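The structure under discussion appears below in the form of structure tokens.
Bear in mind that the values here come from a model prediction, so they are computed numbers and not experimental data. Keep in mind that the numbers below use all heavy atoms, side chains included, and drop hydrogens, waters and symmetry copies.
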Amino acid sequence: SDSGDRLESTNQGVHSTESDLEVTIVVPTGAQATVSFNYFASGELNYDYLCLYVDQPAPNTSNYHSGFGKKGSAAGVTGTYSFDLNEGTHKVLWRFHKDGSGHDGQDKAQVWNIQVSYATFFAPADLGVENLSAHSAKLTWAASETAESNEVRFMTAGVDTIYTTENNFLELSGLAS
């Protein structure tokens, strides 16, 4: 959905109901996805709230996505949230829960600007080492036709380091022998 289209709950003013928005996201093999969205929730504090469920076969008020939690207050809660998905098919559900009595605030939830971005990871081909010395090395690998950049991760003296390069090589210096 683009930033102008807000998907809104349909149970405004209707007690003991739930309004759902469900999407299926397929993350290709060897990829990871980041899902981000904006939200608004306004209802009875501690009684009416927006929840996010990821891959829950029977969503209820206790098995929601713990990072997102329960969102809602009479004044309204607005924010942005993102989460990661690994390869596979995923069911993502936003649900506005309404309890059995009363209402407050705008008594609705909205979700918009839903975006899915993908990152694909491949093991390098033809990995090599050149100019190896006690304190430096040049790592090389076959260029990828699809990669816009390369992340190289290594550990020295217990320190985990990640370098990003657009080349098909990385020169390391200051290494301890």
Report the residue from D107, N11, T17 that forms a side chain to side chain donor-acceptor pair (under 3.5 Å) with K98.
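In the set D107, N11, T17, the residue that makes a side chain to side chain donor-acceptor pair (under 3.5 Å) with K98 is D107.
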
List for me each residue that meets ring pair (Phe, Tyr, Trp, His ring centres under 6.0 Å) alongside [X], sequence neighbours excluded, and say none if there are none.
| X | value |
| --- | --- |
| F96 | none |
| F169 | none |
| F83 | H65 |

Under the rule for salt bridge (Lys or Arg N to Asp or Glu O under 4.0 Å), what residues qualify as partners of [X], not counting sequence neighbours?
| X | answer |
| --- | --- |
| D99 | none |
| E8 | K108 |
| E18 | R95 |

Using a 4.5 Å cut-off between side-chain heavy atoms of Ile, Leu, Val, Met, Phe, Trp and Tyr, which other residues end up in the same hydrophobic cluster as L93?
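Hydrophobic cluster check, L93: joined to Y53, Y64.
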
Taking ILVMFWY side chains as joined if any heavy atoms are under 4.5 angstrom apart, and letting links pass through other members, which residues group with V14?
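Result for V14 is none, singleton.
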
Might you confirm whether atom OH of Y118 has over 12 heavy atoms from other residues, nucleotides or ligands at distances under 6.0 Å?
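Atom OH in Y118 is packed in, count exceeds 12.
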
Which residues satisfy the side chain to side chain donor-acceptor pair (under 3.5 Å) test with S62, sequence neighbours excluded?
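In terms of side chain to side chain donor-acceptor pair (under 3.5 Å), with neighbours along the sequence ignored, S62 is linked to N60.
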
Listed partners of N131 passing side-chain contact (heavy atoms from CB on, under 4.5 Å), at least two apart
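Only K138 meet the side-chain contact (heavy atoms from CB on, under 4.5 Å) criterion with N131.
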
Among all residues two or more places apart in sequence or in another chain, which pass the side-chain contact (heavy atoms from CB on, under 4.5 Å) test with N150?
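For N150 the side-chain contact (heavy atoms from CB on, under 4.5 Å) partners, ignoring immediate neighbours, are W141, A147, T165.
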
If you look only at distance, which donor and acceptor atoms sit under 3.5 Å apart when one is on a side chain in residues 66-75 and the other is two or more places apart or in another chain?
residue, atom, partner, partner atom, Å
K71, NZ, F68, O, 3.0
S73, OG, G76, N, 3.1

